[in-house]
Amino acid sequence: MVLLRDGMCPGLDEGLVRGLRAADIKTVEDLVSSDMEELAQRCSVSYKALFAIRRVLLAQHAAFPVSGADLYEELLSSTAILSTGNPSLDKLLDSGLYTGEITELSGGPGSGKSQVCFGVAVHISHQLKQNVIYVDTTGGLTAGRLLQMLQAETSNAEEQMEALQRIRVFRLFDVFSLLDCLYGLCGGGLQRASVGGGSVKAVIVDSVSAVIAPLLGGKQNEGMSLMSQVAGVLKTMAKDFNVAALPLLIKEEFDLKWWSRSKEEGGGAAAAASGKRKRDETDS
Amino acid sequence: MQRPVSSFSLSPGVKVKLASAGFRVTADLLHLSPPQLSREAGLSQQEALEVLQAVRSDGGGGASMSALELLQKEGELKSIVTFSSHLDAALGGGVPVGKSTEICGTPGVGKTQLCLQLVVDVQVPQCFGGVEGQAIYIDTEGSFLLQRVVDVAAAAVRHCSLLVEDEEQRVAMTTFTVETILSNIFLVRCHDYVELLAELHLLPDFLTGHPKARLLVIDSVALPFRRFEDLSQRTRVLYGLAQQLAAIATRHLVAVVLTNQMTTRLRGNQSQLVPALGESWGHAPTIRLLLQWSGSQRLATVFKSPSHADATIQYQITSDGFRDSDQSACSQPGTSC
């Protein structure tokens, strides 16, 4: 989906780009998927030259296959398992949060999702001495509560301050700011946020539904694509930078009549992006 | 990584034109000038300029801070005292500034009374431990009674003048009178949800022009939404409303107080009183208070709070306002003993 520009590869000059544009070939995708012979005739270029350009572009833009064995090796050497600080939760999650994966927390109101996230953030920053990024979209984060939890782990004030410094907080309230933030993190923000020798090991988003839910359903058609983008960038961040991503969703009780009307609002699409799920059930 | 153009906050028409011209990722746009872009994508000059500005401003998500800096900032913010010491203790000092608090309860239990008390309490001078801010009261029910506010304000002034100990407090009392209290309350009357949403859209500009505002009361947020026919649209609107209120509370350092009504939920053969507007609304406010009757005693329960455990306290409504319940046996509720 990259636009064709002159100088992209040898043989692709201004004149050829203009000729291709006139033949309605604008992107690399268009060029690679069109018929070479017909195109060569229409743009009055030699078939060989066009074929060579196509091969170079494919080599530049295609993904390379990796063998399963190499992938396994890489996984063993780069994945870390982060304990959440709660032994029974660790047992449920198969010893903890895996970096390179998205773990989703969903639950009803007041069920304790934010509290679990505070606990995870405090544990990672204090015990594991690694950095955490906390994206707060609801205004529910109080540093006083984080301090309270730290005070239960250690009474040394300096350690508490150091642990608090390793937690980076972003406060934003709509989906475009969230996308700006996540893309910014992917584009170098994660390195900048690494403080005191450690690296960012977890990204917590509290909560993803708060910013996406206003856009789903009704006559709006952007909601689904923005939701998929958030999921995509979280997944890429998790894989490429070896962090554990932890988005929070809410759980709602649907009554069947309303659910069938709003079935196309894509309740399942967000879940498909996350590898592991954990539910907090409220009994009310 | 490549960022798609559709992830920016641009109008859908512009996005469609950019996509059909082949511009899918930001890398395609970065080296173009506005006239070039408007020619290639068929956009107007203004639109092309906006697109390039959006794509180039790589803010990285805006300001971030470490949790330590956040702790220091929170230390500077005071809470709004409610004049009921038990409730203040349960809330950790009072209604916190910068967060949204919901008060739900059955009719007549005292939600509006608590709101009127807060509207006076937010103006208590700082030397008395108050926040010394202005209040905005959005009234959707028509339950704002001026005479009651005068009574509560007069009681608060009397209370503070009894506490005066030094010169600074004496000077502060000259500006803390019933007239100044009333002049620092901004009252807005909204009749339906459209007016409420419009008011909230205009509020950020208003708050920028009134930096001393520290309290926003919406009494009640439930009434305009109870007559909605399309429930899924109502949920969407409420989610958007919740995010706007969270943004206002955080960016302008305002305590947002919302009043909610109660509704009945049927589970099999049993019915239960629950806060209105559905479970999805339950995620929106940060702190939730439930006011209810227990026999002839009024109780307040904190049932959602990120920093304090759930607690139930007793209170009473007197002619002076919202106060702690008298420990000495007082047979009639609502009278001051």
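First the proteins, then the strands, lettered A, B, ... as listed; each starts at 1. Keep in mind it's a predicted model, so treat the numbers as computed, not measured.
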Enquirer: Is it true that a side-chain atom of B:Lys304 and a backbone atom of A:Pro109 form a donor plus acceptor pair closer than 3.5 Å?
Expert: no
Enquirer: Work out which heavy atom in B:Pro306 is nearest to a heavy atom in A:Phe118; give both atom names and the distance.
Expert: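 Heavy atoms only, the tightest pair is O-CE1, 4.2 Å.
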Enquirer: May I ask you to name which of A:Ser207, A:Ala210, A:Ser114 has the most heavy-atom pairs under 4.5 Å with chain B?
Expert: A:Ala210
Enquirer: Top residue by heavy-atom pair count (under 4.5 Å) with chain B, among A:Ala121, A:Ala143, A:Ser125?
Expert: A:Ala143
Enquirer: For B:Gln243, is it the side chain, the backbone, both, or neither that has a heavy atom closer than 4.5 Å to a heavy atom of chain A?
Expert: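 The answer is both parts of B:Gln243.
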Enquirer: May I ask you to name which of A:Leu147, A:Ile133, A:Val169, A:Thr137 has the most heavy-atom pairs under 4.5 Å with chain B?
Expert: A:Val169
Enquirer: Scan side-chain atoms only and decide if B:Thr250 and A:Arg171 contain a donor-acceptor pair under the 3.5 Å cut-off.
Expert: no
Enquirer: Quick check on B:Lys15 against chain A: is it the side chain, the backbone, both or neither that has a heavy atom closer than 4.5 Å?
Expert: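 B:Lys15 touches chain A through side-chain heavy atoms alone.
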Enquirer: Can you see which heavy atom on B:His283 is nearest to which on A:Gly107, and at what distance?
Expert: CE1-O, 3.3 Å
Enquirer: Taking every non-hydrogen pair under 4.5 Å, which of A:Leu141, A:Val132, A:Leu215 racks up the most with chain B?
Expert: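 The candidate making the most pairs under 4.5 Å is A:Leu141.
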Enquirer: Quick one: what part of B:Ser66 sits under 4.5 Å from any heavy atom of chain A, side chain, backbone, both or neither?
Expert: both
Enquirer: Find the distance between OG (B:Ser9) and CG (A:Leu226) and round it off to the nearest 0.5 Å.
Expert: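 Spacing of OG (B:Ser9) from CG (A:Leu226) equals 9.5 Å.
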Enquirer: Taking all heavy atoms of B:Ala246 and all of A:Thr138, pick out the closest pair and write down the distance.
Expert: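 So the two residues come closest at CB-O, 3.9 Å.
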Enquirer: Please round to the nearest 0.5 Å and tell me the distance separating atom CG of B:Leu70 and atom CG of A:Asp136.
Expert: 8.5 Å
Enquirer: Name the option with the most non-hydrogen atom pairs under 4.5 Å to chain A; the candidates are B:Arg251, B:Gln244, B:Gln72.
Expert: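 The residue among B:Arg251, B:Gln244, B:Gln72 with the greatest pair count is B:Arg251.
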Enquirer: Can you name the closest pair of heavy atoms from A:Gln229 and B:Ser6 and give their distance?
Expert: NE2-OG, 2.7 Å
Enquirer: Say whether B:Ser307 and A:Gln148, considering side chains only, have a donor N or O and an acceptor N or O under 3.5 Å apart.
Expert: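 Absent: no donor and acceptor within the cut-off.
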Enquirer: If you take all heavy atoms of A:Thr142 and B:Glu74, which pair is closest and at what distance?
Expert: CA-OE2, 3.3 Å
Enquirer: Is B:Ala247 close to chain A through its backbone or its side chain, or both, or neither, when contacts mean heavy atoms under 4.5 Å?
Expert: both
Enquirer: Can you tell which part of A:Leu179 gets under 4.5 Å to a heavy atom of chain B, answering side chain, backbone, both or neither?
Expert: both
Enquirer: Rounded to the nearest 0.5 Å, how far does CD of A:Gln160 lie from CG of B:Leu68?
Expert: 10.5 Å
Enquirer: Taking all non-hydrogen atoms of both residues, which atom of A:Phe176 and which atom of B:Phe8 are closest, and how far apart?
Expert: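 That closest heavy-atom pairing would be CE2-O, 3.4 Å.
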Enquirer: Nearest 0.5 angstrom please: A:Gln165 CD to B:Leu71 CG, how far?
Expert: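 Result: 11.5 Å between the selected atoms.
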